[in-house]
Structures are given as structure tokens and as C-alpha cells.
There are 2 protein chains.
Amino acid sequence: MFDREFFLGFVKIHILYHAAKEPVFGVEITHELARHGYSLSPGTLYPTLHRMEKEGYLAGSSKVVNGRVRKYYRATAKGKQVLEQSRNSIRELVAEVLEEK
Amino acid sequence: MFDREFFLGFVKIHILYHAAKEPVFGVEITHELARHGYSLSPGTLYPTLHRMEKEGYLAGSSKVVNGRVRKYYRATAKGKQVLEQSRNSIRELVAEVLEEK
DNA sequence: CTCCCGATGTTGTATTGCGATATTGGTTTT
DNA sequence: AAAACCAATATCGCAATACAACATCGGGAG
């Protein structure tokens, strides 16, 4: 599926949402998104996670699971604040885009 | 307002939505978006419109209004299709992000 | 000890984003 | 009628992002 420029923001908000509920890690996110019809290559996903961490939206911590290192991310206060903002943006889009038809 | 990376997609869908209803032009879009709390500099807006035209989401036509040249854009079939997709994405986000709380 | 698998990481290139600046043509001011 | 101003679109230059392909790394299976 193309048209990524329109939907990448949605994807990131998905990530924030899940990271606000419980710790999440890379591959898990990939699968989650796939269930929603998005596909994200590692070359997009990991740099994005790193950036979101660096910018303070996510906080990451490495854990060893089955001997393998996984990096779990949680939404920070700032990340949750963006989520909150997004609720408003989504409501507006809902009102406009979803209504009638 | 920062955090643009999360919301630019929303902005573009806004543009598509309005361009699907009636012809729109640059400055008008700027004002429209401002009313929704988004701000978009010309250096972002115009290249974005050009690109969306080039990629076939929008169709532009220049008109002279009060002696000034304006470029009006309408959503193409492809643009409307993206809008349609976005309805689904929004529904999912609504289900996840907006529900509970 | 070799191969595969789950995960994360990196590289190189192309695309996008954006503030600042320019352009174009008409209107108002004096 | 020149100067200053305004609406609107366009471009420049640089920084930030996106992405596919490729690389790495440790454990477990055979």
C-alpha cells in the first residue's frame, strides 16, 4: 500500500497509544500495524523509535527475554500529551471526514 | 505548535477533504487550517500542493480573480480514494484511541 | 559448529519539511 | 505617477525523514 505520506502520522499515534497502555517493542509493533493494514520496514521503524525516544515521546529500556535483548518502549508524559492532542485532531477529522456520505 | 510529524498527515487529509467538496486555493487553506489550530508556512504548503498534484491526488487550474492569479485545486479520483482509505484508518483510531477514557 | 531465527541496528540515497526570501500583479497613498 | 502596500504563489538552501537493502548479534536446533 502506498500513500504513506498521509498515514505515517496515524502509525505513530498508534505506536504512542500502545506504548501508553503497556511496554511495546519493535517487532511486536510491526505485527500490530500489519493487522491494521500498515507495513513498516525496519529502516523506518527503528530510526523512528529512536527519534521518538530522543525527542522525549517514548522512554526505552532494554530487557533480556529468552536470552535475546529486546528494547521496550513506554510513552512518556510528553508522549501522552501528544496523544491527547491527537484526540482533538481526530475528533475534528471524524466530524468532517466521517460524517455524511 | 510543534510535534508536526504526528499531525502533518491529518493536515493533508484535511486538504483532500476540502478539495473534494469544492475547489480550494493556497491561502484559503492556510486560513482554514489555522482555524483548526494548525499552521503551515508557504514553504511547506506550496511544495506539498505541487507534489500532491504531481502524484495525482489533486488537479489544479489557474483562475484570475480580481486580477490576481489563483490556483484552485480539486481532489481527483485517486485523491478521493485516499480519503476513503483514511476513513477506515480514522475509524480504527477512533475505536482505539478515542473510545474509553 | 553450522544454520536458522528473533530482534535490533546501520547505510546510502531520495524525498520532504520549512523558514526565509523572491516574484508577480494589482490597490492604495500622497 | 511613483512609492508603498497587499494578496497570492513560487523558489532556495539546508536540515530532517523515509525507506529498502543489508548488517549484526545471540541462542537454540540439528
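Since the structure is predicted, the reported quantities are computational estimates derived from the model, not experimental observations. Throughout, a chain's letter reflects where its sequence line sits, starting with A, and its residues are numbered from 1.
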Before giving the answer on side chain to side chain donor-acceptor pair (under 3.5 Å), spell out for A:His18 and A:Glu28 the whole-Å C-alpha distance, their side-chain angles and the decisive distance to 0.1 Å. CA-CA 11 Å; A:His18 286 289; A:Glu28 181 189 34; over 6 Å; no

Looking at B:Thr44, is its backbone amide N or carbonyl O close enough to the side chain of B:Thr48 to form a donor-acceptor pair, meaning the two atoms are under 3.5 Å apart? yes

With a 4.0 Å cutoff (strictly under), does any side-chain N or O of B:Arg4 reach OP1 or OP2 of C:dG19? yes

Which sits closer to the 5' end of DNA chain C, B:Ser41 or A:Val27, going by the nucleotide each is nearest to? A:Val27

Between P on D:dA7 and NZ on B:Lys71, what's the gap in Å once rounded to a whole number? 22 Å

Can you tell me if the side-chain N/O atoms of A:Arg68 get under 4.0 Å from OP1 or OP2 in D:dG26? no

A:Ile15 has an atom CD1; how far is it from atom P of D:dA18, in whole Å? 11 Å

Run the side chain to side chain donor-acceptor pair (under 3.5 Å) test on A:Tyr72 and A:Arg74 for me, step by step, so that the C-alpha distance in whole Å, both residues' side-chain angles and the decisive distance to 0.1 Å come before the verdict. CA-CA 7 Å; A:Tyr72 280 98; A:Arg74 311 211 56 150; over 6 Å; no

Among the nucleotides D:dT11, C:dG9, C:dA7, whichever has the atom closest to the side chain of A:Arg70 is C:dA7

Length of the line joining B:Lys54:NZ and D:dA10:C1', which is rounded to integer Å: 16 Å

Nearest whole angstrom, please: distance from the C1' of D:dA18 to the CG of A:Leu40. 9 Å

In this structure, how many angstroms lie between the P atom of D:dA16 and the CG atom of A:Leu8, rounded? 18 Å

With a non-hydrogen cut-off below 4.0 angstrom, is B:Leu49 in contact with a base, only sugar-phosphate, or nothing? nothing

Across the strands shown, which category fits B:Lys12 at heavy-atom distances under 4.0 angstrom: base, sugar-phosphate, nothing? sugar-phosphate

Value in whole Å for how far the P atom of D:dA10 lies from CD1 of B:Ile29: 12 Å

Strictly by modelled atom types, are B:Ser89 and A:Tyr38 linked by a side-chain donor-acceptor pair under 3.5 Å? yes

Grab the CG-P distance between A:Leu45 and C:dA7 for me, whole Å please. 13 Å

Using a cut-off of less than 4.0 Å, is there contact between a side-chain N or O of B:Arg51 and OP1 or OP2 of C:dT16? yes

Does B:Tyr57 have B:Lys78 sitting over its ring (NZ/CZ under 6.0 Å from centre, angle to axis within 45°)? yes

side-chain N/O B:Thr44 vs C:dC18 OP1/OP2, d < 4.0 Å: yes

Between atom CD in B:Glu5 and atom P in C:dC18, what is the gap in whole Å? 10 Å

Out of D:dA18, C:dT27, C:dG17, which has the shortest distance to the side chain of A:Thr48? D:dA18

DNA chain D nearest-nucleotide lookup for B:Pro47 and B:His31: closer to the 5′ end is B:His31

Phosphate-side-chain proximity, B:Tyr46 and D:dA10, N/O vs OP1/OP2 below 4.0 Å: no

